[in-house]
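Only heavy atoms go into these numbers, but all of them, side chains included; no hydrogens, no water, no symmetry mates.
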Amino acid sequence: MVQAGSFQRMSRLVLVGAVVLLLAGCNMFGQPKIKEEPIIPPDTLYQQALSEMDGQRYITAIATLEKLERQHPYSEFNEKAKLMQVYANYRIGRFPDAILAADRYMALYPGSKETAYVLYLKGNSYFGQIKDITRDQQISQDAIETYSLIISNYPESQYAKDAREKLVIGVDNLAGKEMSVGRYYLGNGQYAAAINRFRTVVEKFQTSTHIEEALYRLTEANLSLGLITEAQTAAAVLGHNYPKSSWYKQAFDLLQRQGVSPQIHSGSSLAQLKTS
């Protein structure tokens with residue numbers, strides 16, 4: 001006669017066995033099969049991507065180009081496919097992806113005749129991310145460096161003129177950031193820190209639209225520290241280079257109230273900023 005305890009143990013064993021069999025059955029018969037991706041000829045995929053690009057279906061085109069690379073990694077179409085990915089990502093505003101695609105293209109095809117174009121798209125992808133001057137300006141710096149590569153290495157290319165114009169904007173953003181921080185320090189009485197920021201603008205960003213104000217602020221900050229000769233030199237450089245500037249009039253008036261006038265002092269490092 002089977003005892004009650006033995007019966008219960010046997011029941012548990014039978015139950016466990018049934019669960020195991022059930023799971024095994026699910027594993028054997030219920031697991032969905034992995035659907036294999038049909039292999040499409042590379043020229044077909046390439047033509048399909050071209051058609052999608054022509055129709056401005058850039059997201060679809062990117063997927064097609066990625067399939068081309070995945071299915072045919074050594075295809076003759078791969079270089080063009082990678083170039084098209086740079087452009088497609090740029091067109092839909094996927095700027096970080098466009099930059100990565102540009103870097104990958106240039107790493108794989110360093111001698112390509114399309115390098116100037118790829119650099120241009122990369123520079124524009126940085127440029128498209130430039131925010132206002134109160135934000136971090138690393139993107140502006142990256143744009144400047146990329147456009148500078150185009151200007152120095154491909155000065156006669158069709159992209160050089162636009163690169164020069166956008167480089168000026170990038171430089172202006174960096175100068176604007178320095179001015180913003182400098183004004184903050186000036187307003188809080190941190191005159192030495194403010195002077196460092198304004199000097200950066202006048203020494204490194206002389207083509208920016210902020211140069212006149214920077215020279216005025218140097219006049220103001222140096223006067224606040226009692227550095228009269230530095231203040232005089234900053235104002236004199238401002239007056240020499242921008243005689244009709246409203247900033248020069250303010251600098252002149254500021255010095256007059258202190259009983260002094262703008263004057264170049266050769267011992268000041270600012271004196272070298274005087275142009276002929």
Among all residues two or more places apart in sequence or in another chain, which pass the salt bridge (charged side-chain N to carboxylate O under 4.0 Å, His left out) test with Glu203?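 So Glu203 forms a salt bridge (charged side-chain N to carboxylate O under 4.0 Å, His left out) with Arg199.
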
Is there any salt bridge (charged side-chain N to carboxylate O under 4.0 Å, His left out) pair reaching into [range], and which pairs are they, with sequence neighbours excluded?
{"range": "residues 44-63", "result": "none"}
{"range": "residues 141-160", "result": "none"}
{"range": "residues 76-101", "result": "Glu69-Lys82"}

Can you give the donor-acceptor pairs under 3.5 Å from side chains of residues 254-263 to other protein atoms, not counting sequence neighbours?
from	atom 1	to	atom 2	distance (Å)
Gln256	NE2	Val260	O	3.4
Gln256	NE2	Ser261	OG	3.2

List the residues meeting side-chain hydrogen bond (donor to acceptor under 3.5 Å, both in side chains) with [X], not counting sequence neighbours, and say none if there are none.
{"X": "Ser268", "value": "Glu230"}
{"X": "Arg217", "value": "Glu213, Glu220"}
{"X": "Ser157", "value": "none"}
{"X": "Ser266", "value": "none"}

Is it the case that the side chain of Gln190 and the backbone of Leu186 share a donor-acceptor pair, with hydrogens and angles ignored and the cut-off at 3.5 Å?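 No; zero donor-acceptor contacts below 3.5 Å.
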
Members besides Tyr185 in its Ile/Leu/Val/Met/Phe/Trp/Tyr cluster (side-chain heavy atoms under 4.5 Å):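 Its cluster partners, ordered by chain and number, are Val181, Tyr184.
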
In the hydrophobic clustering that connects Ile, Leu, Val, Met, Phe, Trp and Tyr at side-chain heavy-atom distances below 4.5 Å, which members other than Ile39 occupy its cluster, ordered by chain and number?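 Under the 4.5 Å side-chain rule, Ile39 groups with nothing.
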
For Tyr159, what residues pass the ring pair (Phe, Tyr, Trp, His ring centres under 6.0 Å) criterion, not counting sequence neighbours?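 With sequence neighbours excluded, Tyr159 shows a ring pair (Phe, Tyr, Trp, His ring centres under 6.0 Å) to Tyr117, Tyr120, given in chain and number order.
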
